[in-house]
A.B. asks: 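Shown below is the structure under consideration.
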Amino acid sequence: DEVLFLNRRFSRSSRDSNHLGGSPTCALEADHAARLDEEHTTSEDGSFVHPFEKEGPEVQTIYYEGGKTISKRMHRLPTHPKHHEGVSSRALGKHGDYESSQSYLDSLLNYVWPSYGQSSYKLADMTNLYNLSYLGEIYVGTASQSFLVIWDTGSGSFLCRSTYCDGCPSATRKFNYASSTTWVKQSPQTEKTVTYMDGTQLKGYYGTDRVCPTSSDNSCADNFKFTAIHTATGLRDYEDGIIGLWSGNTLNSLYDDATMFMPKMTADSTITQKVFSWYMTGQSGKSYIDFGAPNTAVYSSPSSLFWIDILSDDYWWTNRVTGVRWSSGVPDTSTEYKYSSKKGLTDTGSSCLIGPKAEVDYFKNTILNTISGVTSHSGWGTQFDCSDANIATLPTFELLFGGYWFEVKPEDYIIEFNSSTKKCSVCFSGYSTIDYWILGDAFMRGLYSIHDYDNLRMGFVPFVGSTKKVPVKATTTPTTTPPVVALNLDTSIFGLTVGEFLIIAVLVVIIVGIVVLLFLFCYAQLALT
C-alpha cells in the first residue's frame with residue numbers, strides 16, 4: 001500500500017468566517033502527529049487485503065487566519081454551491097504539436113479526428129491557494145462530471161467525493177455514480193481508507209469509470225479504478241478529491257497498480273509518452289500540468305534541461321539531499337555545507353519544505369535572524385510583519401538534490417498567512433523524528449518539472465519568465481558541517497514586542513500620572529473652598 005505525503009499547511013480551522021471564502025472547515029488535529037499516512041483495503045467481510053502501516057513525523061496545527069483577498073489573476077474560490085466560480089473554461093484546449101507524419105492517411109485522420117496523434121494534453125490553469133495548495137480540474141464518468149482536485153505526487157490513488165457520501169455537505173460537488181453509464185462498482189464490495197499526513201481521512205468504495213484530465217474524450221483513462229468517497233474527514237468544501245501521481249516504482253504484490261492514473265491514461269488515450277510535467281508558478285502566474293510530451297516551448301533554454309534518475313527502492317519521485325549553500329543575503333556565500341545523505345521526494349501535495357530538524361533549523365533560523373520583529377506563533381511556529389520581510393534582500397539558499405544545486409528563493413518560502421494583519425512566516429518545518437526530506441511547492445515553484453515513468457527519472461528546467469536560475473551540477477562534495485544557529489526571537493507580551501510593550505507601558509504610566517495629579521489638584525481646590 002501507499003504512504004501518502006499530502007501536507008497542506010494552511011488551516012482547517014473554522015474560527016475565521018472569512019477563511020477561504022467563508023465556509024467553515026474542519027480543524028487539523030495535532031493528534032494525527034505521530035501517525036504518518038496509512039492505507040488499508042478491506043473486503044466486505046472486514047478482512048484485510050492490503051495491510052500497511054508506518055510511523056512518521058509530527059504534524060503541527062497550521063492556521064490560515066484571514067484570506068479575504070486573492071490575486072485578481074488567480075481563479076476565485078467557490079462561492080456558489082454548485083460550481084467553482086472563476087475557472088475560465090471547462091473546454092480545455094490542446095497543448096503541444098501533433099506527432100510528425102506526412103502520410104495521406106494521417107492527414108485524413110487528423111481531418112476527421114482532430115486529436116489523432118496528439119502528443120500531449122494540457123490541464124486547465126490551476127487554482128493556486130496562497131502558494132499553499134494547487135487544485136486542478138478532472139472529468140469523471142459518462143456523461144462527464146467535472147471536479148476540482150489536488151494533483152499530488154506524494155500519493156498514488158484517485159479518491160473523489162461521491163453521492164455515496166450522505167454526510168458530506170450538500171453544497172459540495174459529488175460524483176453522481178447513478179448518472180454515469182460507465183460506472184461499475186467493484187464486486188464484492190471493497191472499501192478503501194486513506195489517511196494523509198495532514199490528518200485528512202477519506203473512505204469509499206472501489207469502482208471503475210472513465211477519468212480524464214481534460215474535457216477531451218481522447219485524453220481519458222477508461223475503466224479506471226478509483227475510490228468513490230462515502231466518508232470524508234478534513235476534505236475542504238472546495239476540494240472534491242485527491243489524485244495521486246507517484247512513480248509507483250518498486251510496486252509490490254500488496255499494491256494494486258490498476259489505481260495508477262498515468263499508465264492507464266497512456267494506454268487508453270492518444271498520448272504515447274508516459275510523462276506528465278508540472279508548470280508551477282506563484283500567485284501572479286498560471287500553473288498547470290502537461291500530460292504526454294513535454295512542452296519544449298516553455299523551457300528557458302533547451303540546453304538547460306537536465307535529468308535525475310529516481311531511486312529504485314520506493315514509490316515516490318526521489319533522490320537524495322546531501323548539502324546546502326547560500327546564494328545571497330548572508331556574509332558567507334562560498335562555503336558548501338554537507339548534510340547526511342537522506343532521501344528527498346518532490347511532492348506537489350505538500351506546501352512547504354520539510355526535513356530533519358537540525359538540518360532545516362540551520363537555514364530556517366539563519367533566514368529568520370535577518371528579519372526584525374520575529375515572534376512565536378502557535379500555528380506557524382514564527383511570525384513577523386510582512387513589511388519587515390524585504391523579498392529583495394532576504395537570503396536565497398540552494399539544496400544539493402540528486403547531485404544538482406537547486407535554488408530556493410524568498411518568494412518561494414515566504415507565506416503571508418494573515419492578509420488582514422499582514423503577518424508572514426517561512427514555509428519550512430523540521431522534525432527530529434524523520435530521516436527524509438519532503439520537497440514541496442516551496443522547492444518546486446519556478447521550475448518545469450518532468451516526471452518520466454518509462455525511464456524512471458525527473459527532468460527540471462526553469463520556464464520562460466521564471467526568476468530561478470538553472471540548477472547547477474555539483475563539481476565537489478561538501479565536507480563542512482553547518483554550524484548550529486539559534487533563533488533570536490523577539491519576546492512577545494500580549495502580542496507585542498518588548499519594545500512596543502515598554503513604550504505603551506511608559507505612555508500609560510504618564511497618562512495615569514497626569515490623571516492622578518489632576519485629581520489631586522481638583523481635590524485640593526475643593527478643600528480650600
Side-chain angles (χ1 to χ4, degrees), residues 9 66 69 71 128 130-132 280-285 300 323-337 339 351-355 359-377 380-401 405-430 439-447 462-463 465-472 478 480 482-492 496-500:
R9 296 299 305 277
T69 60
S71 168
N128 177 347
Y130 311 100
N131 280 352
L132 291 170
M280 185 179 289
T281 71
Q283 290 191 45
S284 61
S300 59
V324 66
R325 69 182 185 185
W326 297 97
S327 299
S328 64
V330 299
D332 182 10
T333 58
S334 60
T335 304
E336 296 178 350
Y337 295 103
Y339 279 162
S351 309
C352 300
L353 204 159
I354 303 165
E359 297 176 347
V360 171
D361 281 354
Y362 167 63
F363 57 78
K364 181 178 77 172
N365 292 349
T366 299
I367 291 169
L368 288 171
N369 286 345
T370 68
I371 303 171
S372 63
V374 177
T375 59
S376 61
H377 185 270
W380 280 89
T382 58
Q383 64 176 349
F384 45 87
D385 291 336
C386 298
S387 59
D388 291 331
N390 187 340
I391 296 294
T393 60
L394 285 178
T396 293
F397 68 96
E398 298 173 39
L399 281 181
L400 185 55
F401 173 62
W405 290 103
F406 284 77
E407 188 176 54
V408 182
K409 299 168 70 71
E411 54 262 42
D412 300 321
Y413 64 72
I414 294 292
I415 297 294
E416 180 184 281
F417 67 86
N418 190 318
S419 62
S420 298
T421 60
K422 299 298 181 183
K423 289 295 183 182
C424 284
S425 191
V426 291
C427 209
F428 307 131
S429 292
L439 308 176
D441 302 339
F443 179 84
M444 300 180 72
R445 256 188 298 276
L447 296 173
F463 48 74
S466 171
T467 60
K468 276 195 173 177
K469 68 180 184 181
V470 178
V472 178
T480 304
V484 176
V485 178
L487 177 58
N488 301 320
L489 285 177
D490 281 1
T491 304
S492 177
L496 304 171
T497 65
V498 173
E500 292 170 337

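Hydrogens, waters and symmetry mates play no part in the numbers below; they use all other heavy atoms, side chains included. The chain is numbered in sequence order, starting from 1.
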A.B. asks: Could you tell me the separation between the CG atom of Leu368 and the OG1 atom of Thr375, rounded to the nearest 0.5 Å?
C.D. replies: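 Here the interatomic distance stands at 10.5 Å.
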
A.B. asks: Answer yes or no: is there a donor N or O on one side and an acceptor on the other, between the side chain of Glu407 and the main chain of Lys469, under 3.5 Å?
C.D. replies: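 A pair under 3.5 Å: yes.
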
A.B. asks: NZ/Lys409 to CD/Glu398 distance, rounded to the nearest 0.5 angstrom?
C.D. replies: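 Taking NZ in Lys409 and CD in Glu398, the distance rounds to 10.0 Å.
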
A.B. asks: Do Trp380 and Cys424 have side chains that approach each other closer than 4.5 Å (heavy atoms only, starting at C-beta)?
C.D. replies: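 With C-beta onward as the side chain, the pair stays apart.
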
A.B. asks: Taking all non-hydrogen atoms of both residues into account, name the closest pair between Glu359 and Tyr339 and its distance.
C.D. replies: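 For Glu359 and Tyr339, the tightest heavy-atom pair comes out as O-OH, 2.6 Å.
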
A.B. asks: Taking side chain as C-beta onward, heavy atoms only, is Thr396 less than 4.5 Å from Pro410?
C.D. replies: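 Yes, at least one pair of side-chain atoms sits under 4.5 Å.
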
A.B. asks: Do the rings of Phe363 and Phe428 sit parallel, tilted or perpendicular, given the 30° and 60° boundaries?
C.D. replies: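 Correct class here is perpendicular.
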
A.B. asks: Between Asn369 (side chain only) and Asn488 (backbone N and O only), is there a donor and an acceptor less than 3.5 Å apart?
C.D. replies: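 A pair under 3.5 Å: yes.
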
A.B. asks: Output, in order, the C-alpha distance, side-chain angles, deciding distance and verdict of side-chain contact (heavy atoms from CB on, under 4.5 Å) for Val324 and Phe397.
C.D. replies: CA-CA 7 Å; Val324 66; Phe397 68 96; 4.0 Å; yes

A.B. asks: In terms of side-chain geometry, is the basic nitrogen of Asp361 or Lys364 positioned less than 4.0 Å from the acidic oxygen of its partner?
C.D. replies: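 Counted as a salt bridge, because a side-chain N and a carboxylate O are separated by less than 4.0 Å.
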
A.B. asks: Which atom names give the shortest non-hydrogen contact between Asn131 and Asn128, and what distance separates them?
C.D. replies: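 Answer, listing the atom of Asn131 first, then Asn128: N-OD1, 2.7 Å.
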
A.B. asks: Quick one, Phe406 and Leu447 - any side-chain contact, counting heavy atoms below 4.5 Å?
C.D. replies: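 In contact.
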
A.B. asks: Quick one: does Ser425's side chain have a donor or acceptor within less than 3.5 Å of a partner on Thr382's backbone?
C.D. replies: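 Present.
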
A.B. asks: Are Asp441 and Met280 close enough, and set up right, to give a side-chain contact (heavy atoms from CB on, under 4.5 Å), and what steps lead you there?
C.D. replies: CA-CA 8 Å; Asp441 302 339; Met280 185 179 289; 3.5 Å; yes

A.B. asks: Starting at OG1 of Thr281, measure out to CZ of Phe463 and round the result to the nearest 0.5 Å.
C.D. replies: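 Going from the OG1 atom of Thr281 to the CZ atom of Phe463 covers 6.0 Å.
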
A.B. asks: Supply the atom-to-atom distance Glu416 CD to Thr421 OG1, rounded to the nearest 0.5 angstrom.
C.D. replies: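 Answer rounded to 0.5 Å: 8.0 Å.
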
A.B. asks: Drop me the distance from Thr335's OG1 to Arg325's CZ, to the nearest 0.5 angstrom.
C.D. replies: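 Spacing of OG1 (Thr335) from CZ (Arg325) equals 11.0 Å.
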
A.B. asks: List the steps, then state whether side-chain contact (heavy atoms from CB on, under 4.5 Å) holds for Phe384 with Asp490.
C.D. replies: CA-CA 10 Å; Phe384 45 87; Asp490 281 1; over 6 Å; no

A.B. asks: Is there a side-chain contact (heavy atoms from CB on, under 4.5 Å) between Tyr413 and Val408? Walk through the geometry before answering.
C.D. replies: CA-CA 7 Å; Tyr413 64 72; Val408 182; 4.0 Å; yes

A.B. asks: Within this structure, what is the OG1-OH distance for the pair Thr480 and Tyr337, rounded to the nearest 0.5 Å?
C.D. replies: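 Those atoms lie 7.0 Å apart.
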
A.B. asks: For Ser466 and Gly446, which heavy atoms make the closest approach, and how far apart are they?
C.D. replies: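 For Ser466 versus Gly446, the nearest heavy atoms are OG-O, 2.8 Å.
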
A.B. asks: Under a 3.5 Å distance rule, please check whether Arg445 uses its side chain to pair with a backbone N or O of Asp412 as donor and acceptor.
C.D. replies: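 Checked: pair present.
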
A.B. asks: Give the minimum heavy-atom separation between Pro395 and Thr370, together with the two atoms involved.
C.D. replies: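 Taking Pro395 first and Thr370 second, the nearest heavy atoms are CD-OG1, 3.7 Å.
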
A.B. asks: Tell me if a side-chain donor or acceptor on Asn418 pairs with a main-chain N or O of Lys423 at a distance below 3.5 Å.
C.D. replies: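 No, the answer is negative, given that no donor and acceptor are paired below the 3.5 Å cut-off.
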
